[in-house]
Amino acid sequence: MTLLRTEGLAKHFGGVAAVDDLALAVEEGEILGLIGPNGSGKTTALNMLSGFLVPDRGSVWFADENVTGKKPVALARRGLLRMFQTTRVFVRISAFDNLLTAGLARGLDEAEARERARVLLEELTLTPVMYLDAGQLSGGQRKLLEFGMCFIAPPRLALLDEPFAAVHPVMRETMARFIRRRNEEGHTFLVVSHDMPIVVELCDRAACMNAGRLIAIGATRDVLQDPVVIEAYLGSESHV
Ligand SMILES: Nc1ncnc2c1ncn2[C@@H]1O[C@H](COP(=O)(O)OP(=O)(O)O)[C@@H](O)[C@H]1O
Ligand SMILES: [Mg+2]
């Protein structure tokens, strides 16, 4: 079943077509990778999928409901949740309290939230630092904490924007394992990443954007070997 799909999605910033006529489908139960050179429109697409940006044109459908233009909170309530490229945790309260707050905000009662928080801290290897202010955690630990906050009440579909960027390899592996486990439990992911080994490892399917357009979608290995995709990366300044 298709869980999320877009039709003719477009967003312009001045003269720049950040996303142009994007038709993308995420199947329930999969981990779909979204790749593409810097500036190809991946973050803008995620912003529209999650309600943080209103599209100029086109529509977004989640579980067969037209959710175009709905606010992030309304989408989160339906189980569509987005994690940011830069982490958003409360730095002046502890890692544990960040999780607790996230749990209460998502409708868990306090006992439930505490229990979930403890389990997640353990799985995310954050138990030793659970009472430190989140501001004292390393960048990677904060990202792990944000994973926990996102999954305190697991979303049906999680949109992740470069979760592995600038994260220590050990924590990257913790994140990848976390995503795989949640996926085995039935949760669906759309993961933007430049880390090709992780994309290959995690995602059976991948989509590639270039200059706002979808240029390839299919089995990850096929997409990575597609001459159009290779050309897009070679033609970009980033060479990632
Ligand atoms: N808020 C904005 N205002 C103006 N231009 C933007 C804005 N956000 C993104 N862009 C432009 O849109 C294009 C796509 O950006 P983005 O979606 O961030 O790409 P990616 O995430 O693939 O690196 C880029 O040319 C970028 O400069
Ligand atoms: Mg981006």
Side-chain angles (χ1 to χ4, degrees), residues 4-26 31-60 67-72 75 80-89 139-140 142-144 146-147 150 155 157-167 171-172 175-176 179 189-200 202-203 205-218 220 223-224 226 228-240:
L4 179 85
R5 69 188 161 85
T6 67
E7 283 171 9
L9 206 60
K11 186 78 195 176
H12 290 71
F13 294 112
V16 179
V19 171
D20 194 11
D21 198 21
L22 180 69
L24 187 68
V26 184
I31 307 175
L32 178 67
L34 179 58
I35 64 169
N38 280 333
S40 57
K42 306 179 298 296
T43 295
T44 304
L46 250 57
N47 280 337
M48 289 192 281
L49 296 180
S50 54
F52 286 89
L53 261 183
V54 178
D56 293 340
R57 280 198 310 278
S59 53
V60 180
V67 295
T68 318
K70 290 221 183 300
K71 297 273 183 299
L75 295 174
L80 173 59
L81 203 69
R82 182 252 162 92
M83 252 180 75
F84 279 86
Q85 194 166 347
T86 47
T87 43
R88 295 191 169 183
V89 298
R142 277 197 226 179
K143 277 208 177 146
L144 288 174
E146 211 195 356
F147 266 88
C150 186
L157 171 60
L159 310 173
L160 311 182
D161 197 355
E162 302 200 22
F164 312 109
V167 171
M171 287 179 203
R172 214 178 296 161
M175 282 177 195
I179 293 171
F189 290 83
L190 175 59
V191 183
V192 172
S193 181
H194 281 308
D195 189 321
M196 297 309 170
I198 287 205
V199 171
V200 169
L202 274 183
C203 310
R205 287 203 319 142
C208 182
M209 289 181 71
N210 188 37
R213 290 179 158 268
L214 189 72
I215 57 167
I217 185 162
T220 301
V223 168
L224 293 182
D226 189 329
V228 174
V229 171
I230 294 166
E231 180 64 36
Y233 274 95
L234 291 178
S236 76
E237 289 168 25
S238 59
H239 288 266
V240 280

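Indexing begins at 1, ligand by ligand and atom by atom, following the structure's order. Please read these numbers as outputs of a predicted model, since none were measured by experiment.
- Shown in contact with N38 at under 4.0 Å from a heavy atom are these atoms of ligand 1, numbered in order with element: 23 (O).
- Within the 4.5 Å cutoff, side-chain heavy atoms of M196 are placed close to those of I35.
- Comparing V192, N210, I35, T43 against atom 18 (O) of ligand 1, the shortest heavy-atom distance belongs to T43.
- Ligand 1 has no nitrogen or oxygen under 3.5 angstrom from a nitrogen or oxygen of F13.
- The pair K42-D161 does not count as a salt bridge, with every side-chain nitrogen at least 4.0 angstrom from each carboxylate oxygen.
- With a 4.0 Å heavy-atom cut-off, ligand 1 is reached by the side chain of V16 but not by its N, CA, C or O.
- M209 contributes atom CE, which lies 7.5 Å from atom OG1 of T44 (distance to the nearest 0.5 angstrom).
- For the ligand labelled ligand 1, residue G36 lies outside the 4.0 Å heavy-atom shell.
- With atom 24 (C) of ligand 1 as the reference point, the heavy atom nearest to it among G39, A45, A17 is part of G39.
- T68 meets the side chain to side chain donor-acceptor pair (under 3.5 Å) test with N66; sequence neighbours excluded.
- The Mg ion (ligand 2) lies at 2.8 Å or more from every N, O or S atom belonging to N38.
- Across all their heavy atoms, A176 and L202 have their closest contact at O-CD2, 3.7 Å.
- With ligand atoms numbered from 1 in the order given, ligand 1 contributes 19 (O), 20 (P), 22 (O) to contacts under 4.0 Å with heavy atoms of S40.
- Among the atoms of A18, none of the N or O lies under 3.5 angstrom from an N or O of ligand 1.
- Under the ring-ring contact (aromatic ring centres under 6.0 Å, His included) criterion, F147 pairs with F178, sequence neighbours left out.
- For the side-chain contact (heavy atoms from CB on, under 4.5 Å) criterion with V26, the lone passing option out of L157, L34, I31 is L157.
- When the heavy atoms of P37, G41, G15, G212 are ranked by distance to atom 19 (O) of ligand 1, first place goes to G41.
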